Protein chains: 2
Amino acid sequence: MLSERHLEVVLAVVYEYIKTGEPIGSRTIARKFLKDRSAATIRNEMADLEEMEYLYQPHTSAGRMPTPKAYRVYVDAILRRQRTFPSESEGWIRELREKRKDVEEALGYATRLLGKITSYIGVGALGPATETVLQRVEFLRMGHSTVLILLVLKGGLIHHRTVTLPCDMTQEALDELSRRVSMIALGRSWGEIRGTLQSYVEEALERYADNCRSALLEMDSILSEKPFQFFTGGAHNVLGLPDFNDLGRLQTIMALLEEEDSIGRLVRGCSAEKGLCVTIGDENPVLQMRDCSIVMASTVTGGRKAVVGLIGPVRMDYERSISVLEGVLDTLAENGESDEEVR
Amino acid sequence: MLSERHLEVVLAVVYEYIKTGEPIGSRTIARKFLKDRSAATIRNEMADLEEMEYLYQPHTSAGRMPTPKAYRVYVDAILRRQRTFPSESEGWIRELREKRKDVEEALGYATRLLGKITSYIGVGALGPATETVLQRVEFLRMGHSTVLILLVLKGGLIHHRTVTLPCDMTQEALDELSRRVSMIALGRSWGEIRGTLQSYVEEALERYADNCRSALLEMDSILSEKPFQFFTGGAHNVLGLPDFNDLGRLQTIMALLEEEDSIGRLVRGCSAEKGLCVTIGDENPVLQMRDCSIVMASTVTGGRKAVVGLIGPVRMDYERSISVLEGVLDTLAENGESDEEVR
DNA sequence: CTTAGCACTCTACAATAAAGAGTGCTAATA
DNA sequence: TATTAGCACTCTTTATTGTAGAGTGCTAAG
């Protein structure tokens with residue numbers, strides 16, 4: 001549907017438009033990219049491409065700009081060939097490698113890094129590698145009827161919350177509670193046993209039936225509410241970009257980044273697929289981000305599933321963004337390999 | 001040094017300038033605030049105030065704008081009298097009250113809330129109520145030579161990190177390690193015992209001397225690196241504000257918010273003093289924020305020290321900001337009282 | 001000491017003009 | 001038939017000019 005001749009023009013326009021941000025005229029294409037054709041010929045081809053909705057003009061006597069359709073063609077072409085990590089960022093990658101000790105900190109750092117290197121917004125998410133299986137449960141008495149619930153999930157994800165129970169309990173009683181919960185829950189999927197837990201726990205602690213019930217409820221709320229941790233970084237980088245000069249739009253995007261579930265939706269949209277995933281403009285699941293593009297990829301690090309990505313303008317430097325993202329991803333994945341045994 | 005007559009003019013100019021953002025002329029002051037004086041009189045007084053550096057003109061034939069010195073006088077006047085929480089925000093406060101279960105989540109929510117209600121940037125910090133005293137130490141084996149270090153501090157602060165030790169260790173050996181560490185460290189200040197710990201620990205675990213050393217080093221790094229957790233929220237609100245139309249400046253501010261130590265410096269600057277603390281423009285310890293104002297206050301919630309505040313333009317609505325901050329602070333503090341016993 | 005009047009200054013805004021870039025169309029060319 | 005050169009036309013961008021409005025400083029009178 002798109003002849004070789006036309007494709008060359010589209011790729012040239014997208015490439016140049018990404019670099020300059022200005023509408024591209026036929027003269028520029030003829031001089032810089034397709035020297036075997038004259039400006040007039042390219043003008044004709046551009047008129048064709050406009051009809052096919054790959055290009056458009058902001059006004060009658062301006063150059064052409066790419067439509068999302070053109071970006072898609074361009075990105076597909078990039079993905080087909082090999083990429084190399086930009087060497088000027090090697091230093092940062094080494095810094096990231098240092099931080100891998102603490103997975104959460106590493107991912108936070110990675111998002112900020114992505115933001116800094118690319119000037120777009122870095123995002124990340126960290127979830128359990130597997131379904132929620134408890135590996136350890138502790139209840140620690142913090143004060144009068146205040147208890148710290150501590151859950152260690154298989155894969156190393158940790159949740160904790162300080163709660164107030166109906167009445168006070170000694171640490172001994174709490175230990176008994178955690179022993180009982182552990183007995184049933186450890187090593188098994190939470191969804192599988194959450195129902196059967198209560199009766200077994202209350203058997204030995206009937207004096208504290210109320211407390212047991214409310215503790216189990218809290219555990220349930222922790223385990224169901226927080227399956228993922230989200231990170232964003234480098235949102236400030238985007239302020240200088242001419243594509244985000246519409247402050248209102250930028251504002252809604254930044255507001256969305258603060259809500260966890262909108263990032264969650266992005267992550268879910270991409271993490272289903274394996275490997276790299278580029279979403280351009282209106283392909284985006286989140287309506288308010290329809291004029292952004294997203295590059296995302298997932299891996300496993302420290303025994304947990306990690307998704308990292310970039311949010312930028314549709315006029316994003318896809319080639320560079322993808323290379324950088326791949327570099328970061330590989331670095332994060334490096335220590336994921338060492339403890340395969342975990343799963 | 002500032003006569004009653006002059007003070008009235010200053011307060012009127014600041015009040016009106018905060019509302020409108022435009023330079024204030026003598027006519028406006030005479031009509032709206034000081035009806036007993038004519039515009040010409042006020043013009044003379046304004047000329048005096050300009051010499052005293054309370055007011056300045058952006059250009060010869062414009063109205064006057066307040067200098068930081070004038071804001072200081074204005075804020076001091078506000079702080080002297082009683083404030084009332086804006087009733088239209090009661091609903092949000094109720095939402096915040098719901099979230100108090102989890103202190104960290106509550107503080108995160110509080111910063112976003114502050115941002116939303118005031119249209120400025122909410123910041124928060126959560127630290128240990130006391131010095132670092134360990135209440136519980138666990139080492140959990142996650143995989144081959146990978147160990148999860150879990151530290152519960154007195155007051156409920158939790159730190160954890162997954163680390164790779166020099167060689168593998170059984171869970172039993174790790175339990176022995178945590179028993180030994182607990183024996184010495186629990187209930188005592190970390191600074192006090194960090195030195196004596198190593199020899200006692202290695203006594204029983206000499207086979208794993210390397211592991212013990214590296215585990216203790218990690219503990220030390222955790223405890224010294226992360227004394228505070230930081231939160232920011234609602235940075236996007238500030239995008240619409242005319243005072244932040246200089247994108248470059250806004251960008252540096254948002255970049256600073258991503259670095260933990262710059263927030264740390266702000267917090268430290270304010271948390272020393274008890275109660276409310278208003279920092280105007282160049283009073284600010286962070287150089288790049290010299291044209292911002294900061295309102296901060298600290299309290300104790302859930303047995304931990306919490307600092308919450310607002311970063312906004314120098315032309316901030318101080319009265320409203322302070323009221324809202326006080327409301328949020330009181331709500332957070334409510335459950336701080338219930339477990340006094342913790343400290 | 002306060003006030004009214006008036007000339008002066010500076011900004012903000014709109015209207016106009018000129019320059020520049022790029023197109024579409026037509027006619028000539030290979 | 002496909003490609004190219006030439007040219008008139010369109011639209012944006014930038015600079016310039018003129019005008020209205022707001023506010024001041026100064027002077028002289030109350």
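Here is the naming used below: chain letters follow the sequence lines, and residue numbers restart at 1 for every chain. The structure presented is a predicted model; accordingly, all values stated were derived computationally and were not measured. Atoms considered below: every heavy atom in the structure, side chains included; atoms not considered: hydrogens, waters and symmetry mates.
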Checklist line | Working for side-chain contact (heavy atoms from CB on, under 4.5 Å), residues I29(B) and I42(B) | finding: CA-CA 8 Å; I29(B) 299 293; I42(B) 287 168; 3.8 Å; yes
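- Interface limits on DNA chain D: the 5'-most and 3'-most nucleotides within less than 4.0 Å of chain A heavy atoms are dT3(D) to dT12(D).
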Next item on the list: Might you work through the side-chain contact (heavy atoms from CB on, under 4.5 Å) test for D291(A) and R249(A), ending with a clear yes or no?
Entry: CA-CA 9 Å; D291(A) 33 32; R249(A) 201 167 12 118; 3.0 Å; yes
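- Every salt bridge (charged side-chain N to carboxylate O under 4.0 Å, His left out) that E88(A) has, sequence neighbours left out, goes to R320(A).
- The environment of CD in E51(A) is sparse: at most 12 heavy-atom neighbours from other residues, nucleotides or ligands sit within 6.0 Å.
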Counting only pairs under 3.5 Å, give me each side-chain donor-acceptor contact of residues 10-21 of chain B, with atom names and distances, residues two or more places apart or in other chains.
unit_1 : atom_1 : unit_2 : atom_2 : d
E16(B) : OE2    : K32(B) : NZ     : 2.9
T20(B) : OG1    : E16(B) : O      : 3.1
T20(B) : OG1    : E22(B) : N      : 3.2

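- Atom CD of E53(A) sits in a sparse spot, with 12 or fewer heavy atoms from other residues, nucleotides or ligands closer than 6.0 Å.
- Legend: salt bridge (charged side-chain N to carboxylate O under 4.0 Å, His left out) pairs involving residues 61-76 of chain B, not counting sequence neighbours, sorted by first then second residue: E50(B)-R64(B), R72(B)-D76(B), R72(B)-E283(B).
- Between the side chains of Y120(A) and S293(A), not a single donor N or O lies within less than 3.5 Å of an accepting N or O.
- For E326(B) and R83(B), the salt-bridge test passes: some basic side-chain N is under 4.0 Å from an acidic carboxylate O.
- Within residues 52-67 of chain B, the residues that place at least one heavy atom under 4.0 Å from DNA chain D are, in residue-number order, Q57(B), T60(B), S61(B), A62(B), G63(B), R64(B).
- Scanning residues 24-37 of chain A for heavy-atom distances under 4.0 Å to DNA chain D yields D36(A), R37(A).
- Under 4.0 Å is where a charged nitrogen must lie from a carboxylate oxygen, and between E259(B) and R112(A) no such pair does.
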